[in-house]
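Structure, as structure tokens:
Just the heavy atoms: all of them, side chains too, but no hydrogens, waters or symmetry mates, feed the values below.
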Amino acid sequence: MIRSLAGLVAATLVFAAIPLLTDNSYVISILTSIFLWAYLASCWNIVGGMTGQLSFGHAVFFGIGAYTSAVLFVRFGWHPLLGGCIGVVLASVLALTIGYVSARYNLVHLHFALVTTAVGQIALFLAMGWQFIGGSTGLTVPYKATAGQLFFRDPAIYYWIILAMTLGVIALTMLIRQRRMGLYFLCIRESEPAAAGAGIDIMRQKLTAIVISAALTAAGGVIYAHYIRFLDPDSIFGWQVSLQMVIPAMLGGTQLILGPVIGAAIFVTLQETTRTLLDFAGAPLIIVGLVLIPVVLFLPSGVVPSLVGAWRRHRGPIRLAPVAQILALSVPSRAATLDTDILLRVDGVGRRFGGVQAVNNVSFTCRRGERLAVIGPNGAGKSTLFALLGGFIVPNAGQITFDGQRIDGLSADAVCRLGLARTFQTAQPFRELTVFENILASAYLHAPSHTAALADAWAVLALFDLSSRAAERSADLNIIDQKRLEVARAWATRPKLILLDEVGAGLTALELQQLVDMLMRLNATHGTTILFIEHMMSMVARLADRVIVLHHGEVLAEGSMAEVCANPVVVEAYLGESTLAA
């Protein structure tokens, strides 16, 4: 972080000196345009790149800031910065509303993009018809010969202001990226179910991201209004304005802090070059489109990430410095306490999807420290049951009590914070994050500080034998290490009970034995209660204290593995004679 800030300061000094070395107004104008769009693309990237919420109507926040400041200045003589602050507040309120509605109704990324686009178009048509703010003819901001009114005769001053704003948003993005908030944003981008399973409040983080992004974008609109001094709806609220925020971020790479800056430099340069060489209005957009097509096809992650990825593949795998291992602390031992203490109670739980009764009147208990298996044929309702227990769906009937508290109806992140964590049938690592970052995201849940979370994460990595893979992308792990990471990430939330959904699927006999040994160790040494779904009967036989059999969404049988295997109803419905013979 310190080295990055030092580099940022050095870059500031270099770019700030350019107007002192040349009086070419065209050069200053182009650089101002580059940094303006770099600023706006970086603002957009906080929500679009970091959380994955693709906003195609971000111009509405830009326009609210610009128009509010300009109108209050022109009509009432208010100071541009005072009007700008009001514009920032209004943009934040609108962003909060859009974000809440989108999160409340669980809109997927495409739907969120459509909502923001629609809001932007509504703002455009309202601005065109509202004569108080200039209507379709536009609004001219009069010149005032005082710096206090944001009027400067020297265009270099506007350049310095926009440069400072750009470097400021980069520094803010760096700070966010290095802390808990930024990691949570990235987890949401990679997998919302996995993020919720790690105890991350999805709605809160999404609202935080969009409000920060909107407020900063509106601030950019304020400066732009008094730099250009003429506003018309199409050039402020138009779809092309939103596009010019999105393209630089995607071109340079949404996953990189400096990606939007590099993308803006490429984008503005292409626009100016084509505008100079081809003398018709649509030339810049046509040429830029022709350039973007191969980028999207061959460099989908952006120019810079693709080049960095190629360099890393050439260099070989990255390893963290050995000093990081010093942070690894021993995880407190929690001895198993298998007794009559009921940790989880499920009473008459049911869930219907349309005409399908996926889970019907299911009741059972799980004791503290127990290893309880749930088996049954495909379609028996096992994964639906786990989704109910984990808070991912709400039961239509019955109730679920965990550690003395009802949890049916609670969200997945709230259930996780109470101490019930889960894995998924198909491993859902945060693919573009490192193994260490995957664990750190969960370790934050109960850690009192950033330093404590780092230490906890290293301890979990050591416990699950993943320390040597800490700096690798989780997407690059083999299947056994992804399974291990999935369990480690869930266990890093310090659960009282962990739900394991077919963690043995796809493993070899040796890998399966290693997994069982690891789970037995967690249960025996640390007292972790385990409730697991599994089709591998050899794993169930070695790991389970007790077995529940589901069939057609109902509990068919319950008991030890021997008792279940001897039950003729279970044999007929699921295990089969060949299984018993084996």
Side-chain angles (χ1 to χ4, degrees), residues 37 40-71 86-136 138-139 185 188-189 192 202-222 224-225 231-250 254 260 285 288-289 292 296:
W37 293 112
L40 293 172
S42 296
C43 295
W44 178 90
N45 201 46
I46 292 175
V47 65
M50 296 183 74
T51 69
Q53 299 181 87
L54 299 180
S55 170
F56 290 154
H58 234 56
V60 68
F61 308 124
F62 178 73
I64 287 174
Y67 264 100
T68 303
S69 178
V71 169
I86 295 174
V88 168
V89 171
L90 292 177
S92 300
V93 171
L94 177 61
L96 191 64
T97 304
I98 294 172
Y100 176 80
V101 171
S102 301
R104 173 67 178 81
Y105 293 99
N106 197 28
L107 298 183
V108 297
H109 300 313
L110 177 60
H111 293 161
F112 179 81
L114 293 175
V115 168
T116 54
T117 302
V119 172
Q121 290 302 297
I122 290 171
L124 171 62
F125 291 124
L126 288 176
M128 291 179 66
W130 194 1
Q131 294 304 314
F132 181 74
I133 65 173
S136 58
L139 177 71
F185 287 174
I188 292 170
R189 180 193 71 192
E192 289 191 20
I202 304 293
M203 177 179 287
R204 178 180 178 181
Q205 299 304 322
K206 282 185 173 182
L207 292 180
T208 300
I210 194 171
V211 168
I212 292 174
S213 178
L216 293 172
T217 302
V222 173
Y224 181 81
L231 308 179
D232 73 278
D234 194 54
S235 65
I236 298 297
F237 289 109
W239 63 268
Q240 70 276 9
V241 180
S242 294
L243 192 64
Q244 287 187 217
M245 298 182 201
V246 177
I247 289 177
M250 291 191 167
T254 59
L285 287 178
V288 169
L292 287 178
V296 171

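Between the Gln121 side chain and the Gly57 main chain, no donor and acceptor come within less than 3.5 Å of each other. The closest donor-acceptor contact from the side chain of Thr116 to the backbone of Ala113 lies under 3.5 Å. Side-chain N or O atoms of Ser69 include none that pairs as donor or acceptor with a backbone N or O of Gly65 at under 3.5 Å.
Residues forming a side-chain contact (heavy atoms from CB on, under 4.5 Å) with Val246 (at least two apart in sequence, or on another chain): Trp44, Phe56, Met250. The side-chain contact (heavy atoms from CB on, under 4.5 Å) search around Tyr105 returns Val101, Leu107, not counting sequence neighbours. By the side chain to side chain donor-acceptor pair (under 3.5 Å) test, Thr68 pairs with no residue at all, sequence neighbours left out. The side-chain contact (heavy atoms from CB on, under 4.5 Å) check on Ala214 picks up Phe61, Ala95, with sequence neighbours excluded. For Ser213, the side chain to side chain donor-acceptor pair (under 3.5 Å) partners are His58, not counting sequence neighbours. Scanning for side chain to side chain donor-acceptor pair (under 3.5 Å) contacts around Gln205 gives an empty result, with sequence neighbours left out. Not counting sequence neighbours, the partners of Tyr67 by the ring pair (Phe, Tyr, Trp, His ring centres under 6.0 Å) test are Phe237. Legend: residues meeting side-chain contact (heavy atoms from CB on, under 4.5 Å) with Leu96, ordered by chain and number and at least two apart, are Leu207, Val211. The side chain to side chain donor-acceptor pair (under 3.5 Å) search around Ser42 returns none, not counting sequence neighbours.
Closest non-hydrogen pair, Thr254 versus Gly49, comes out as CB-CA, 3.7 Å. Summarising the geometry of Leu231 relative to Ala66, their closest heavy-atom pair is CD1-O, 3.7 Å, with the distance given to 0.1 Å. When all heavy atoms of Ser242 and Ala59 are compared, the closest pair comes out as OG-N, 2.9 Å. Here the closest non-hydrogen pair linking Ile98 and Ser102 is O-OG, 2.8 Å. The two residues Gly220 and Leu40 have their closest heavy-atom pair at CA-CD2, 4.5 Å. Heavy-atom minimum distance, Ala70 versus Ala225: CB-CB, 4.4 Å.
Counting heavy atoms from C-beta on, the side chains of Ile236 and Tyr224 come closer than 4.5 Å. In this structure, the side chains of Val88 and Ser92 come closer than 4.5 Å at one or more pairs of heavy atoms. A heavy-atom distance below 4.5 Å is not found between the side chains of Phe112 and Leu54. Between Tyr100 and Lys206, the closest side-chain pair of non-hydrogen atoms is not below 4.5 Å. Side-chain contact check for Ile202 versus Ile188: some heavy-atom pair is nearer than 4.5 Å.
Between Asp232 atom CG and Leu139 atom CG the span is 10.0 Å, to the nearest 0.5 Å. A distance of 11.0 Å separates CD1 in Ile122 from OG1 in Thr117, rounded to the nearest 0.5 Å.
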Show every donor-acceptor pair shorter than 3.5 Å between a side-chain atom in residues 123-130 and any protein atom, with sequence neighbours excluded, or say none if there are none.
none

| message | Apply side-chain contact (heavy atoms from CB on, under 4.5 Å) to residues Ile247 and Trp37 and explain how you reach the verdict. | response | CA-CA 10 Å; Ile247 289 177; Trp37 293 112; over 6 Å; no
